[in-house]
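Treat the numbers as computed from the prediction; the structure is a model and nothing was measured.
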Amino acid sequence: MSRPGNYGKSSRLKQLRQIRRRKQQQTSRTIEWDQVEDFLLGRYHLAQGSKRPPLVDATVQRFFSEWLQLALAQGEDQVQWDITALTTATLQKVGNQVPWQFYAVLAGQGMQWQRLLRREVPVVPLMVPRQVVTPFTAAVWQQLLATQLAVNLLTVSAVPITAAQRDQLVTSFMVDGSVEWTAVATLFAPLGFQVTPGTDQQTTQWLNDLMGLTVADCHQ
């Protein structure tokens with residue numbers, strides 16, 4: 001039988017070993033910074049994407065990938081990810097690289113995607129967890145889409161973009177707080193959309209599939 005002193009020493013050593021083991025286990029479960037994008041895209045596909053039509057899944061995943069690249073570009077020291085700011089920047093980055101149907105598909109997916117974002121990002125196994133702040137409301141989401149569509153239209157029309165022109169277009173796109181996609185389609189249709197030469201085959205097929213969507217298709 002151990003004496004009290006020896007027992008106390010043994011107990012403390014055991015506790016230290018357990019603490020060290022837990023820290024090692026936590027470290028072994030963490031992922032590298034350059035793995036975060038694939039990790040979260042995988043979480044999206046498992047939780048939501050696999051339940052969506054392939055074209056919808058592909059569209060949200062491409063948007064999410066662009067979003068994550070901007071978030072990660074802020075660096076590991078940026079612990080807080082501003083959802084609204086990053087979403088606005090992502091839409092601006094994508095701009096006219098996609099047809100209007102891209103935004104129509106996203107319109108019906110934004111709130112579910114944001115819920116996943118708020119749930120999954122804080123639990124990404126990083127040494128320093130990320131925080132997501134400034135979520136958007138359903139009304140703000142629609143406004144962000146309408147604003148980007150207005151900018152896209154003015155850009156391809158080679159019209160100087162002023163705040164007044166942009167706001168006027170945004171107003172014409174909105175009905176009862178939501179984007180009126182028939183109005184969007186009517187204005188973009190005469191302009192057409194051309195896939196950039198040199199675009200890879202998979203992306204070209206995705207863009208062609210988007211262009212084949214009607215307003216009714218986007219609301220299914």
Exam field: side chain [X] to backbone [Y], donor-acceptor pair closer than 3.5 Å:
X      : Y      : answer
Ser172 : Leu169 : yes
Asp57  : Ser50  : no
Glu76  : Leu72  : no
Gln109 : Val60  : no
Gln142 : Val179 : yes
Gln101 : Met211 : yes
Thr88  : Thr84  : yes

Verify the cluster assignment for [X] and [Y]: are they in a single hydrophobic cluster under the rule of side-chain heavy atoms below 4.5 Å apart?
X      : Y      : answer
Trp33  : Val124 : yes
Val133 : Leu144 : no
Met111 : Phe63  : yes
Trp100 : Val175 : no
Val156 : Leu187 : yes

Taking the side chain as every heavy atom from C-beta outward, state whether [X] and [Y] have any atom pair closer than 4.5 Å.
X      : Y      : value
Leu117 : Trp67  : yes
Leu91  : Tyr103 : yes
Leu154 : Val151 : no
Arg118 : Pro135 : yes
Leu126 : Thr30  : no
Gln74  : Trp81  : yes
Leu41  : Glu37  : yes
Leu106 : Trp141 : yes

Q. Parallel, tilted or perpendicular: which describes the rings of Phe102 and Trp206, with under 30° parallel and over 60° perpendicular?
A.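 Rings of Phe102 and Trp206: perpendicular, over 60°.
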Q) Are the aromatic rings of Phe64 and Trp113 close, with centres under 6.0 Å apart? A) yes
Q.
Taking side chain to side chain contact (heavy atoms under 4.5 Å, CB included) as the criterion, tell me which of Thr147, Leu145, Leu149 meets it with Phe173.
A. Leu149
Q | Residue pair Thr203, Asp200: steps toward the side chain to side chain donor-acceptor pair (under 3.5 Å) verdict | A | CA-CA 6 Å; Thr203 300; Asp200 65 86; 2.8 Å; yes
Quick one: [atom1] on [X] to [atom2] on [Y], what's the gap to the nearest 0.5 Å?
X      : Y     : atom1 : atom2 : result
Leu116 : Leu40 : CG    : CG    : 8.0 Å
Thr155 : Asn96 : OG1   : CG    : 5.5 Å
Glu120 : Gln48 : CD    : CD    : 9.0 Å

Q: Please test Gln78 against Arg130 for side chain to side chain donor-acceptor pair (under 3.5 Å), starting from the C-alpha separation and ending with a verdict.
A: CA-CA 8 Å; Gln78 181 59 46; Arg130 302 297 104 172; over 6 Å; no
Q: Go through Thr171 and Gln168 one step at a time and tell me if the side chain to side chain donor-acceptor pair (under 3.5 Å) criterion holds.
A: CA-CA 5 Å; Thr171 300; Gln168 184 178 1; over 6 Å; no
(Q) If you apply the rule side chain to side chain donor-acceptor pair (under 3.5 Å), what do you find for Gln61 with Ser65, and how did you get there? (A) CA-CA 6 Å; Gln61 284 216 47; Ser65 177; over 6 Å; no
Pairing donors with acceptors under 3.5 angstrom, does anything connect the side chains of [X] and [Y]?
X      : Y      : result
Thr134 : Asp82  : yes
Thr162 : Gln165 : yes
Thr59  : Arg52  : no

Q: Show your working on side-chain contact (heavy atoms from CB on, under 4.5 Å) between Leu153 and Val184 and close with a plain yes or no.
A: CA-CA 9 Å; Leu153 186 63; Val184 172; over 6 Å; no
Q | Where Val170 and Ala150 come nearest, the two heavy atoms and their spacing | A | CG2-CB, 3.8 Å
Q: Measure across Pro122 and Pro129 and return the closest heavy-atom pair with its distance rounded to 0.1 Å.
A: O-CB, 3.8 Å
Q.
Does Arg43, at its CZ atom, have more than 12 non-hydrogen atoms belonging to other residues, nucleotides or ligands within less than 6.0 Å?
A. no
Q. Stepwise, does the side-chain contact (heavy atoms from CB on, under 4.5 Å) test hold for Glu180 with Met174?
A. CA-CA 6 Å; Glu180 174 49 61; Met174 301 288 288; over 6 Å; no
